[in-house]
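The structure under discussion appears below in the form of structure tokens.
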2 protein chains.
Amino acid sequence: MRTYPDPMSLTRLTAMPGHLIRRAQQVSTAIFAEELADAELTSVQLISLAAIAERPGLDATTLAELIDFDKATIGGVLDRLERKGLVRRSVSPSDKRVKELAATPAGRALLAASMPAAEQVQVRLLAPLSPAEREDFLRMLRLVTAASQD
Amino acid sequence: MRTYPDPMSLTRLTAMPGHLIRRAQQVSTAIFAEELADAELTSVQLISLAAIAERPGLDATTLAELIDFDKATIGGVLDRLERKGLVRRSVSPSDKRVKELAATPAGRALLAASMPAAEQVQVRLLAPLSPAEREDFLRMLRLVTAASQD
DNA sequence: CATATTTAGTATGTATACATTCTAATTTCA
DNA sequence: TGAAATTAGAATGTATACATACTAAATATG
């Protein structure tokens with residue numbers, strides 16, 4: 001049985017993976033905002049745009065599953081992408097409940113222009129790790145997140 | 001020079017650490033909500049409560065720095081902790097701008113009662129990794145997050 | 001075929017997360 | 001000491017994130 005310095009100290013909690021993951025998310029978001037400042041895209045908007053560009057006609061529910069979004073969250077993201085003129089939503093002829101998604105030319109252009117910056121985010125995020133560690137880190141992240149693939 | 005299957009595919013983006021970290025955060029939050037369902041505490045509320053319990057008289061700005069919170073975010077978290085009767089805020093006699101924070105007896109009791117569940121969250125979160133990998137994963141998370149310690 | 005169930009997307013409400021702005025209070029320092 | 005700069009906390013506005021409930025539409029099934 002391991003012993004700990006303090007059974008319920010702040011030190012304990014800030015050392016926990018839950019806290020460190022929240023911190024990593026903060027760091028990732030901050031770097032993303034810097035690198036994609038010109039594009040004025042969030043990471044969530046970029047990945048949505050990429051999915052839509054890659055699979056025209058995609059519906060919102062499938063999109064949400066593809067990129068692990070809540071069904072309620074994706075609506076707002078699409079609202080913002082549509083408001084910026086990057087994505088269009090049109091009612092499916094075969095099922096009037098469904099909205100088919102498509103990237104506009106402006107959306108495709110912004111996506112292409114933004115990919116180098118997106119790559120750069122990942123480079124900066126993993127810069128503190130050695131190349132071997134980077135592979136390992138990603139592998140472990142996949143393991144941790146795959147576990148609760150509902 | 002490595003080659004990739006598709007220069008701007010969804011596959012590329014979902015394999016990026018930024019996306020995986022967002023996913024890890026989702027998994028962490030979901031497990032936390034399950035384990036702390038009785039306490040009705042979010043991870044953010046628990047760590048705030050722990051910091052306040054450990055350092056009575058703490059002010060909100062210092063608290064935000066301790067646990068890496070935005071100054072604007074901490075206000076709402078404290079509102080909710082106060083509304084639940086877990087924390088009290090009182091104007092500092094020495095500086096009327098400052099609100100001194102203190103955990104109530106109910107707050108301290110809930111904190112003590114919640115620590116085992118908080119430990120359990122971390123156990124479940126890291127369950128897909130071997131013991132050696134767990135150490136490594138935490139070490140790398142610390143490296144990544146320490147890099148942008150403003 | 002008419003009703004029950006399911007499904008897609010939206011709406012509502014709560015909780016982070018953060019930039020920016022504002023007010024009151026304190027500190028600096030000319 | 002008195003105006004300028006700084007600081008604490010709150011307020012405002014935007015963007016995830018998610019539970020729950022709602023509406024319209026499609027499907028299943030008796």
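- Toward the 5′ end of DNA chain C lies the nearest nucleotide of A:T62, the other residue of the pair B:R97 and A:T62 mapping further downstream.
- The separation between B:E40 atom CD and D:dC18 atom C1' is 16 Å, rounded to whole Å.
- Nearest-nucleotide mapping onto DNA chain D: of B:R22 and A:P93, the residue sitting toward the 5' end is B:R22.
- The CG-C1' distance, from B:L81 to C:dT16, rounds to 13 Å in whole Å.
- Side-chain proximity of A:T42 to C:dC18, D:dA17, D:dA15: nearest is D:dA15.
- Remark: C1' of D:dA15 and CG of A:L78 are 14 Å apart, rounded to the nearest angstrom.
- Across every non-hydrogen atom of A:E54 and B:L10, the tightest pair is OE1-N, 2.5 Å.
- Between the NE2 atom of A:H19 and the C1' atom of C:dA17 there is a distance of 14 Å, given to the nearest Å.
- Side-chain contact check for B:T145 versus B:D68: every heavy-atom pair is 4.5 Å or farther apart.
- Distance from the side chain of B:K71 is smallest to D:dA8 among D:dA8, C:dC18, D:dA17.
- Looking at the side chain of A:D70, the nearest of the listed nucleotides D:dA17, D:dA8, C:dC18 is D:dA17.
- Put simply, NE2 on A:H19 and CG on B:L46 are 12.0 Å apart, with the number rounded to the nearest 0.5 Å.
- Both B:D59 and A:Q25 lie near DNA chain D, and the one whose nearest nucleotide falls closer to the 5' end is B:D59.
- At D:dC18, one or more side-chain N or O atoms of B:Q26 fall inside 4.0 Å of OP1 or OP2 (strictly under the cut-off).
- Rounding to whole angstrom units, CG of residue B:L41 and P of C:dT16 are separated by 10 Å.
- Going from atom CG of B:D95 over to atom P of D:dG9 covers 8 Å, rounded to whole Å.
- A salt bridge between A:E34 and A:R124 is present, with a side-chain N of the basic residue lying under 4.0 Å from a carboxylate O of the acidic one.
- Among the heavy atoms of the strands lying under 4.0 Å from A:T73 is at least one base atom, whether or not backbone atoms are also near.
- Distance from the side chain of A:A72 is smallest to D:dA19 among C:dT20, D:dA15, D:dA19.
- At whole-Å resolution of the value, CG in A:L66 and P in C:dA8 are 14 Å apart.
- Listed nucleotides: C:dA17, D:dG9, C:dA19. Nearest to the side chain of B:V44: C:dA17.
- Between D:dA10, D:dT16, C:dG9, one nucleotide has an atom nearer to the side chain of B:R89 than all others, and that is D:dA10.
- Atom-to-atom, CG of B:L36 to P of D:dA19 comes out at 16 Å; the value is rounded to the nearest Å.
- Surrounding CZ of B:R55 are at most 12 heavy atoms belonging to other residues, nucleotides or ligands under 6.0 Å away.
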